[in-house]
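Note that this is a predicted model, so its numbers are computed, not measured.
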Amino acid sequence: MSEYYNPHRGEAWNYGGDQWKLSRSKIDLFLGCPRCFYIDNKLGTKRPPGYPFTLNSAVDHLLKQEFDIHRAKGEQHPLQKEYGIDVRPAAHDELDEWRRNFGGVKHLHEATGMLVTGAIDDLWINKDDEYIVVDYKATAKEEAVTELDKEWQDGYKRQMEVYQWLLRQNGLKVSNTGYFVYCTGKLDREAFDKRIDFDVNLISYQGDDAWVEDTLKRIKACLESEEIPDSGEECDHCAFWNARAGYEK
Ligand code: SF4
């Protein structure tokens, strides 16, 4: 086991503990594999962490700073002008907290008693005073990403919809239209020369948060159950283990 993985979590951080909360990434974990979600949140054995994407974090950080300059001036960012959309970065007293990784937008969901959270990247506002959820994405590919047409990008759409839902529960008027600021590192330069250039594309998405309420109820039922649920279909790790043991589950 690597030095980066400590599987045991303190009781307070498990379901039922006073530090436990349901982040939007946990919601996605439940949808991907209820078994891993249950082992992690109810039984307290942490799922191994993914790699830290430090270059993506750097792009996020710089984008936030850039949009903040225009937010402070109450003006449009050049990207918003380029795409001809009548929106500007929104100023809101709680924005810093809503963008903080270990803070985020919070809502205590009455029907389940679960505290739901998610940290947004940015918030814009349109001419009808509707708030717009914005998420920054960074990658590197031959071709710039200009649409969300791949199945693996469905998680990005759900992420956007959870944020829209959370902000609505906080009393904000939120547009169904959200935007991804998609930065694609270009691979067609002759040499690195100490820099990466990016194509930056704005991708709009019409969110529909109707699935969130029902999913929260299913999550609650899962956490209250004494039975460990089955594995999801997309992850091969349990299949790998079960294959070794000579049986399938
Ligand atoms: S199938 Fe994958 S995600 Fe699910 S419990 Fe097994 S290892 Fe975890």
If we ignore hydrogens and angles and just use 3.5 Å, is the side chain of Asn126 paired with the main-chain N or O of Asp128 as donor and acceptor?
yes
Do the side-chain N and O atoms of His70 and Gln76 include a donor-acceptor pair separated by under 3.5 angstrom?
no
Between Trp211 and Tyr205, is there shared hydrophobic-cluster membership here, with clusters defined by ILVMFWY side-chain heavy atoms closer than 4.5 Å?
yes
Do Asp135 and Tyr163 make a side-chain contact, defined as non-hydrogen atoms from C-beta onward lying under 4.5 Å apart?
yes
How about Cys36 and Ser231: do any of their side-chain heavy atoms sit closer than 4.5 Å?
no
Side-chain donor or acceptor of Asn170 paired with backbone N/O of Leu172 under 3.5 Å:
no
For the side chain of Arg24 and the backbone of Val162, is there at least one donor-acceptor N/O pair under 3.5 Å apart?
no
Donor-acceptor contact present, side-chain Arg189 to main-chain Phe192, <3.5 Å
yes
Side chains of Asn14 and Leu43, heavy atoms from C-beta outward: is any pair under 4.5 Å?
no
How about OH on Tyr83, more than 12 heavy atoms from neighbouring residues, nucleotides or ligands closer than 6.0 Å, or not?
yes
Can you check whether Leu123 reaches Leu167 side chain to side chain, under 4.5 Å on heavy atoms?
yes
Is Val181 reachable from Tyr131 through a run of hydrophobic residues whose side-chain heavy atoms are each under 4.5 Å from the next?
no
Around Tyr5, counting heavy atoms of other residues, nucleotides and ligands shown, do more than 12 lie under 6.0 Å from its OH?
yes
Please tell me whether Met114 and Trp165 are part of a single hydrophobic cluster in this structure, the criterion being side-chain heavy atoms less than 4.5 Å apart.
yes
Look up atom OG1 in Thr54 and atom NE2 in His61, then write down how far apart they are to the nearest 0.5 Å.
13.5 Å
More than 12 foreign heavy atoms under 6.0 Å from CD of Glu11: is that the case here?
no
Using a 4.5 Å cut-off on heavy atoms from C-beta on, say whether the side chain of Val133 contacts that of Glu161.
no
Have Glu213 and His109 got a donor and an acceptor in their side chains that come within less than 3.5 Å?
yes
Would you indicate whether Trp13, at its atom CH2, is surrounded by more than 12 heavy atoms from other residues, nucleotides or ligands within a distance under 6.0 Å?
no
Verify side chain to side chain contact (heavy atoms under 4.5 Å, CB included) between Ile219 and Thr112, making sure each step is shown before the conclusion.
CA-CA 9 Å; Ile219 289 174; Thr112 60; over 6 Å; no
Quick one: are Arg47 and Pro7 in side-chain contact, heavy atoms under 4.5 Å?
no
Is Arg35 salt-bridged to Glu227, cutoff N-O under 4.0 Å?
no
Let me confirm one number: the CD-CG distance from Gln169 to Asp209, rounded to the nearest 0.5 Å.
7.5 Å
Looking at every non-hydrogen atom in both residues, tell me the closest pair between Leu166 and Gly118 and how far apart they are.
CD1-N, 3.5 Å
Would you say that Ile120 contacts Leu95 through its side chain, given a criterion of any heavy-atom pair below 4.5 Å between the two side chains?
yes
Atom pair CD (Glu147) and OG (Ser204), whose distance is rounded to the nearest 0.5 Å:
11.0 Å
Apply ring pair (Phe, Tyr, Trp, His ring centres under 6.0 Å) to the pair Trp98 and His92, showing each step before the final yes or no.
CA-CA 10 Å; Trp98 288 344; His92 194 288; 4.5 Å; yes
So Asp122 and Tyr136, side-chain hydrogen bond (donor to acceptor under 3.5 Å, both in side chains) or not? Walk me through it.
CA-CA 8 Å; Asp122 206 351; Tyr136 306 147; 2.8 Å; yes
Same cluster for Phe180 and Val174 if Ile/Leu/Val/Met/Phe/Trp/Tyr side chains link at under 4.5 Å?
yes
Indicate the atoms forming the closest heavy-atom contact of Pro34 with Pro229, along with that distance.
O-CG, 3.5 Å
Answer yes or no: is there a side-chain heavy-atom contact under 4.5 Å between Asp18 and Trp20?
no
Working to the nearest 0.5 angstrom, can you tell me the gap between Asn201 CG and Glu82 CD?
8.0 Å
Atom NE2 of His237: over 12 foreign heavy atoms under 6.0 Å:
no
According to a 4.5 Å side-chain heavy-atom criterion applied to Ile, Leu, Val, Met, Phe, Trp and Tyr, with indirect links allowed, do Met160 and Leu29 form part of one hydrophobic cluster?
yes
For Gln164 and Asn176, indicate whether the former's side chain and the latter's backbone hold a donor-acceptor pair under 3.5 Å.
yes
Lys186/Asp199 salt bridge by N-O under 4.0 Å criterion
yes
Might you point out which heavy atoms bring Gly103 and Thr117 nearest each other, and give the distance in Å?
O-CB, 4.3 Å
Donor-acceptor check, side chain of Lys42 to backbone of Phe37, threshold 3.5 angstrom: yes or no?
no
Test side-chain hydrogen bond (donor to acceptor under 3.5 Å, both in side chains) applied to Arg99 and Asp68, Asp121, Asp60, the passing residue:
Asp68
Let me see the working for Asn41 and Leu223 under side chain to side chain contact (heavy atoms under 4.5 Å, CB included), right down to the final yes or no.
CA-CA 8 Å; Asn41 288 276; Leu223 290 167; 4.1 Å; yes
Looking at Glu94, is its backbone amide N or carbonyl O close enough to the side chain of Glu97 to form a donor-acceptor pair, meaning the two atoms are under 3.5 Å apart?
no
Just by distance, do the side chain of Ser225 and the backbone of Ala221 share a donor-acceptor pair under 3.5 Å?
no
Has Gln65 got more than 12 heavy atoms of other residues, nucleotides or ligands less than 6.0 Å from its CD?
yes
Judged by atom type as modelled, is there a donor-acceptor pair below 3.5 Å linking the side chain of Asn6 to the main-chain atoms of His8?
yes
Let me know which of Lys26, Arg9, Lys46 forms a salt bridge (charged side-chain N to carboxylate O under 4.0 Å, His left out) with Asp40.
Arg9
Give, for atom CD1 of Ile196 and atom CG of Leu55, the distance between the pair rounded to the nearest 0.5 Å.
5.5 Å
Test Asp154 against Leu148 for side chain to side chain contact (heavy atoms under 4.5 Å, CB included), laying out the working first.
CA-CA 8 Å; Asp154 288 352; Leu148 299 178; over 6 Å; no
Plane angle bin for Tyr182 and Tyr156 - parallel if under 30°, tilted between 30 and 60°, otherwise perpendicular
tilted
Under 6.0 Å between the ring centres of Trp124 and Tyr179?
yes
Might you work through the side chain to side chain contact (heavy atoms under 4.5 Å, CB included) test for Ile132 and Ile125, ending with a clear yes or no?
CA-CA 6 Å; Ile132 292 172; Ile125 193 162; over 6 Å; no
Report, as yes or no, whether the 6.0 Å neighbourhood of atom CG on Asp188 holds more than 12 heavy atoms from other residues, nucleotides or ligands.
yes
Working for side-chain hydrogen bond (donor to acceptor under 3.5 Å, both in side chains), residues Lys220 and Tyr15
CA-CA 10 Å; Lys220 177 76 175 178; Tyr15 175 66; 2.9 Å; yes
I'd like to know if the side chain of Gln153 and the backbone of Asp149 have a donor-acceptor N/O pair within less than 3.5 Å.
yes
Lys106 NZ to Leu115 CG distance, which is reported to the nearest 0.5 Å:
7.0 Å
Closest non-hydrogen contact found for Glu130 with Ser175 is OE1-CB, 3.8 Å
